[in-house]
Amino acid sequence: MQKVMDIDSGVTRAAVAHEGRARRLSVLGATGSVGTSTLDLVARHGEAFEIEVLTAQTNAGALADLALKHHARLAVIGDERAYPELKSRLVGSGIEVAAGPAALIEAASRPVDCVMAAIVGAAGLRPTFAAARAARRVALANKECLVSAGAVFMSAIKDAGCELLPVDSEHSAVHQSIGGHDPKFIERIVLTASGGPFRTATDAEIAAATPEQAARHPNFSMGRKITVDSATLMNKCLELIEAYHLFPVAADQLAVVVHPQQIVHGFVEFTDGSVIAQMGTPDMRTPIASSLAWPARMAAPAARLDLVRLGALTFEAPDEKRFPALGLARRTFELGGTAGAVLNAANEVAVEAFLARQIPFPAIAALAAEALEEAARRGRVDEPACLDDVIAADEEGRALARGLLRRYS
Ligand code: NDP
């Protein structure tokens with residue numbers, strides 16, 4: 001797998017200075033879990049931010065409310081059928097309104113200080129690439145830019161001279177732990193995993209898991225798709241692939257440790273035996289605040305960590321037998337090229353099918369693995385030259401997965 005290792009233009013560059021003026025911020029995926037947490041922080045810091053663009057896909061009512069509350073300049077809804085509702089809600093407000101996939105990309109291309117890229121799924125690829133070309137900083141929540149398009153995305157970031165800050169709590173933890181250290185002293189990067197709702201479940205319980213059970217993340221309240229990914233541990237597999245592209249280490253320097261309390265979000269082991277970790281109570285507003293304010297800090301309302309009250313933190317090895325999705329990261333690194341795009345797309349199809357009760361829980365990882373192997377057998381995981389190649393691989397992964405659905409149902 002090819003990766004871009006220019007840390008100067010990657011996440012370790014702490015460049016955006018505080019100019020003493022409000023920072024212009026666009027939030028892509030404003031109505032989602034990350035989007036609303038971002039806007040919650042913005043609301044607490046009144047004068048510090050000006051909202052340029054807010055986007056959503058179908059939720060016109062919530063988008064209109066957010067646009068009015070935050071005095072956005074532009075509100076964009078991806079699904080054109082929701083345009084009349086958005087328009088009527090914002091008429092007379094002075095807020096520009098637009099709809100459709102092209103409008104989303106155009107909105108993401110507005111030059112701003114920072115774009116929060118929080119659209120879920122492969123739908124976030126084109127808008128986030130557009131943001132990378134136009135914004136000074138991209139705060140990246142969307143996983144697909146790195147999982148599916150890693151090397152291509154990092155090249156786009158580098159070419160644009162954009163600063164990339166990870167939003168995901170684990171990558172934010174690693175980014176903060178690396179701090180100003182020279183990456184050549186990194187021995188290993190470890191991401192922590194809650195273990196999900198089925199951490200202590202038996203094989204039989206996992207086989208019978210329902211969407212309702214999978215939706216109960218032990219620590220975080222997140223969107224539906226990522227919550228199911230946390231239950232299968234596919235989320236940790238995707239995070240390993242993200243970490244590979246974000247940080248200047250080889251695949252075998254990345255590891256996962258299960259840590260049910262999710263207080264330690266990630267840590268970095270250095271060549272002298274020092275281990276630097278980032279800790280905090282599980283609240284996405286902390287890593288989001290870090291991505292917005294870095295290298296400064298902004299106040300965020302997460303419950304304060306009381307280690308004495310907590311008493312103990314526990315760690316255990318992940319069980320790849322019960323959670324085979326985790327091992328797919330290794331296979332993806334071996335295959336390289338667009339394997340990440342195929343895996344991610346197949347997983348999206350499988351998660352949707354699980355939520356629609358078409359396939360059982362263990363079939364999610366099995367189906368994604370089979371789609372990945374089939375793509376490799378067909379020689380369809382070549383190194384991508386551009387985003388279009390990634391999107392073609394994504395479509396291939398989806399088609400392969402859909403073709404397998406009946407067999408797994
Ligand atoms: P949500 O499902 O809560 O929100 C997704 C957002 O994207 C909504 O604003 C939604 O609009 C919009 N959206 C959905 N589909 C499309 C589409 N086809 N085109 C354009 N916009 C679309 O997701 P999360 O906030 O949980 O996650 C966002 C991203 O961040 C994901 O990639 C996730 O993996 C990642 N992430 C999330 C974390 C979390 O704690 N939630 C943690 C780390 C990473 P609408 O409301 O109209 O549907």
Side-chain angles (χ1 to χ4, degrees), residues 26-40 53-67 75-83 85-86 98-108 115-128 130-131 138-149 153 165-173 191 193-194 215 217-230 232 234-239 241-243 246 262 265-266 282-288 290-291 302 344 347-348 351-352 355 391 394:
S26 293
V27 183
L28 312 179
T31 49
S33 163
V34 173
T36 50
S37 293
T38 303
L39 291 169
D40 174 78
V53 175
L54 297 180
T55 81
Q57 177 61 6
T58 53
N59 205 340
L63 178 61
D65 289 343
L66 290 169
V76 184
I77 192 89
D79 185 338
E80 288 166 30
R81 290 168 299 184
Y83 179 68
E85 184 188 349
L86 182 66
L104 278 179
I105 294 168
E106 218 175 292
V115 170
M116 171 56 69
I119 291 175
V120 64
L125 284 171
R126 288 198 194 279
T128 311
V138 168
L140 186 68
N142 174 276
K143 286 179 186 290
E144 288 67 25
C145 285
L146 291 169
V147 171
S148 305
F153 182 68
L165 270 295
V167 168
D168 216 342
S169 54
E170 293 79 358
H171 304 98
S172 173
L191 309 179
S194 71
H217 191 278
N219 302 319
F220 277 111
S221 160
M222 307 185 286
R224 264 158 63 93
K225 193 261 175 187
I226 187 172
T227 306
V228 175
D229 286 346
S230 297
T232 56
M234 180 65 84
N235 186 45
K236 220 41 64 176
C237 161
L238 303 180
E239 286 178 4
I241 301 170
E242 288 179 89
L246 278 169
Q262 280 199 295
H265 302 292
D283 185 328
M284 277 306 291
R285 289 174 297 184
T286 299
I288 291 170
S290 174
S291 74
N344 178 71
N347 177 58
E348 272 192 32
V351 169
E352 268 171 38
L355 288 171
I391 288 172
D394 175 276

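Remember, it's 1-based here, ligands and their atoms both numbered in the order they're listed.
Counting protein heavy atoms only, atom 26 (O) of ligand 1 is closest to Gly223 N, 3.0 Å. Among protein heavy atoms, atom 43 (C) of ligand 1 sits closest to Asp168 OD1, 2.9 Å. The nearest protein atom to atom 48 (O) of ligand 1, hydrogens excluded, is given as Thr58 OG1, 3.8 Å; this is a heavy-atom distance. Looking from atom 28 (C) of ligand 1 to the surrounding protein, the closest heavy atom is Ala118 O, 3.4 Å. Protein heavy atom in closest approach to atom 17 (C) of ligand 1: Gln57 OE1, 3.3 Å. Here the protein heavy atom with the shortest distance to atom 33 (C) of ligand 1 is Ile226 CD1, 4.0 Å. Atom 45 (P) of ligand 1 has as its closest protein heavy atom Thr31 OG1, 3.4 Å. Residue, atom and distance of the protein heavy atom nearest to atom 3 (O) of ligand 1 are Ser33 N, 2.9 Å.
Atoms CD1 and CG, from Ile241 and Asn344 in turn, are 8.0 Å apart once rounded to the nearest 0.5 Å. Note that the OG1 atom of Thr55 and the CD1 atom of Ile105 stand 11.5 Å from one another [nearest 0.5 Å]. One distance of note links CE of Met116 with OG1 of Thr38; it measures 3.5 Å at 0.5 Å rounding. Rounded to the nearest 0.5 angstrom, Ile391 CD1 and Ser148 OG are separated by 9.5 Å.
Of the heavy atoms in Val34, both backbone and side-chain atoms come closer than 4.0 Å to ligand 1. Only the backbone of Ala30 comes within contact range of ligand 1, with a heavy atom under 4.0 Å; no side-chain atom does. Contacts of Ala123 with ligand 1, taken as heavy-atom pairs under 4.0 Å, involve the side chain alone. With a heavy-atom cut-off of 4.0 Å, Leu104 touches ligand 1 through its side chain alone. With a heavy-atom cut-off of 4.0 Å, Met284 touches ligand 1 through its side chain alone.
Other residues, nucleotides and ligands contribute only 12 or fewer heavy atoms inside 6.0 Å of the CZ atom of Arg224.
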Q) Passes side chain to side chain contact (heavy atoms under 4.5 Å, CB included), Glu144 versus Glu348? Steps please. A) CA-CA 11 Å; Glu144 288 67 25; Glu348 272 192 32; 3.7 Å; yes
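The two residues Lys236 and Ala193 come nearest to each other via the heavy atoms CE-CB, 3.4 Å. Taking both residues in full, the closest heavy atoms of Ala302 and Thr286 are given as CB-OG1, 3.3 Å, listed atom of the first, atom of the second, then distance.
Shown in contact with Ala56 at under 4.0 Å from a heavy atom are these atoms of ligand 1, numbered in order with element: 11 (O), 47 (O). Heavy-atom contacts of Lys143 reach the following atoms of ligand 1: 32 (O), 34 (O) (cutoff under 4.0 Å).
Between Asn59 and ligand 1, a contact under 3.5 Å exists for at least one N or O pair. Among the atoms of Gly29, some N or O lies under 3.5 angstrom from an N or O of ligand 1.
Applying side chain to side chain contact (heavy atoms under 4.5 Å, CB included) to Ile226 and the options Val120, Val34, Asn235 leaves one that passes, Asn235.
Taking 4.5 Å as the limit, every side-chain heavy atom of Glu106 sits out of range of all side-chain heavy atoms of Val76.
The shortest separation from a heavy atom of Gly78 to ligand 1 is not under 4.0 Å, leaving the residue out of contact.
Listed by chain and number, the residues in a side-chain contact (heavy atoms from CB on, under 4.5 Å) with Ala56 are Thr31, Leu63, Ile77 (sequence neighbours excluded).
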